[in-house]
Amino acid sequence: LAVSTSGGTGRFTITAAGTVGGDPVQAGTVTSGGTATSVNTTTGYTAGTWHHACGVFASSTSRTVYIDGGSSAFDTTTVAATGMNRTNIGARYSGTLGSFFDGRIAEVGVWNVALTAAEVGMLWKGFPPLLVNPQGLVFYAPLINNAVDLRGGLTLTPTTFKCGVDIVG
């Protein structure tokens with residue numbers, strides 16, 4: 001999942017870091033000038049097994065990443081991305097879509113507030129995003145049957161030749 005600028009330079013990302021030993025989930029921030037920082041979960045994911053991943057970007061000096069409600073890691077490096085107007089699910093945008101996710105994504109939620117560790121745990125336990133801090137939920141797409149934003153009313157454009165959804169707005 002990436003929330004980025006239309007040029008793809010500044011972004012917030014949650015990725016399955018399959019090229020990193022232990023296959024952690026990674027949350028990262030990149031400024032439009034290219035300054036970057038990221039943090040990895042303390043344990044990794046297993047291919048072929050469903051997992052819950054969550055990144056909480058509370059401020060320019062606070063990002064936390066979780067896998068399966070725990071194994072969290074925290075980073076305080078100062079990096080502020082601004083001008084976000086594009087969301088990508090299952091792909092990263094850097095001028096064009098690329099780095100496609102090779103797997104399945106069940107649902108995606110985006111909040112405009114920092115979720116607490118307890119709220120992340122609720123999501124991992126299966127609570128629907130519509131019931132976890134609903135006042136802060138600005139985007140929710142259950143991708144099991146179709147690509148529709150049930151919360152913010154954004155139009156999703158599925159990229160059918162690869163597993164990627166590109167949302168501009």
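Atoms considered below: every heavy atom in the structure, side chains included; atoms not considered: hydrogens, waters and symmetry mates.
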(request) Indicate if Phe12 and Phe139 have the same hydrophobic cluster label, given that clusters are the connected sets of ILVMFWY residues with side-chain heavy-atom separations under 4.5 angstrom. (result) yes

(request) List the atom of Ser72, the atom of Thr64, and the distance in Å for their closest heavy-atom pair. (result) CB-CG2, 4.1 Å

(request) Could you tell me the separation between the CG atom of Asn133 and the CG atom of Leu131, rounded to the nearest 0.5 Å? (result) 11.5 Å

(request) May I ask you to decide if Gly70's main-chain N or O and Trp124's side chain share a donor-acceptor pair within less than 3.5 Å? (result) no

(request) Using the test side-chain contact (heavy atoms from CB on, under 4.5 Å), find all partners of Val30 that sit at least two apart in sequence or belong to another chain. (result) Arg11, Ala36

(message) Give me the atom names and distance for the closest heavy-atom approach of His51 to Asp68.
(response) ND1-OD2, 2.7 Å

(message) Looking at every heavy atom in both Ala27 and Gly55, which two are closest together, and how far apart are they?
(response) CB-CA, 4.5 Å

(message) For the backbone of Lys125 and the side chain of His52, can you confirm whether one donor and one acceptor N or O come within less than 3.5 Å of each other?
(response) no

(request) Using a 4.5 Å cut-off on heavy atoms from C-beta on, say whether the side chain of Glu119 contacts that of Phe127. (result) no

(request) Drop me the distance from Tyr140's OH to Trp111's CH2, to the nearest 0.5 angstrom. (result) 9.0 Å

(request) Kindly give the heavy-atom pair with the smallest separation between Cys54 and Val120, and that separation in Å. (result) SG-CG2, 3.7 Å

(message) Between Ser71 and Thr41, do the side chains contain a donor N or O and an acceptor N or O under 3.5 Å apart?
(response) no

(message) So Leu137 and Leu130, do their side chains get closer than 4.5 Å, heavy atoms only?
(response) yes

(request) Could you tell me whether the side chain of Asn88 and the main chain of Leu1 form a donor-acceptor pair under 3.5 Å? (result) no

(message) Which heavy atom of Gln26 sits nearest to which heavy atom of Ser38, and what is that distance?
(response) NE2-OG, 3.5 Å

(message) Within this structure, what is the CZ-CD1 distance for the pair Arg63 and Ile14, rounded to the nearest 0.5 Å?
(response) 12.5 Å

(request) Answer whether the closest heavy-atom distance between the side chains of Pro24 and Ile67 falls below 4.5 Å. (result) no

(message) To check you understand the geometry: which heavy-atom pair defines the closest contact between Val39 and Ala73, and what is its length?
(response) CG2-CB, 3.4 Å

(message) What's the separation between atom OG1 in Thr61 and atom CZ in Phe74, rounded to the nearest 0.5 Å?
(response) 7.0 Å

(request) Give, for atom CG of Asn40 and atom OG1 of Thr15, the distance between the pair rounded to the nearest 0.5 Å. (result) 8.0 Å

(message) In the structure I gave you, are the side-chain heavy atoms of Tyr66 and Leu115 within less than 4.5 Å of one another anywhere?
(response) no

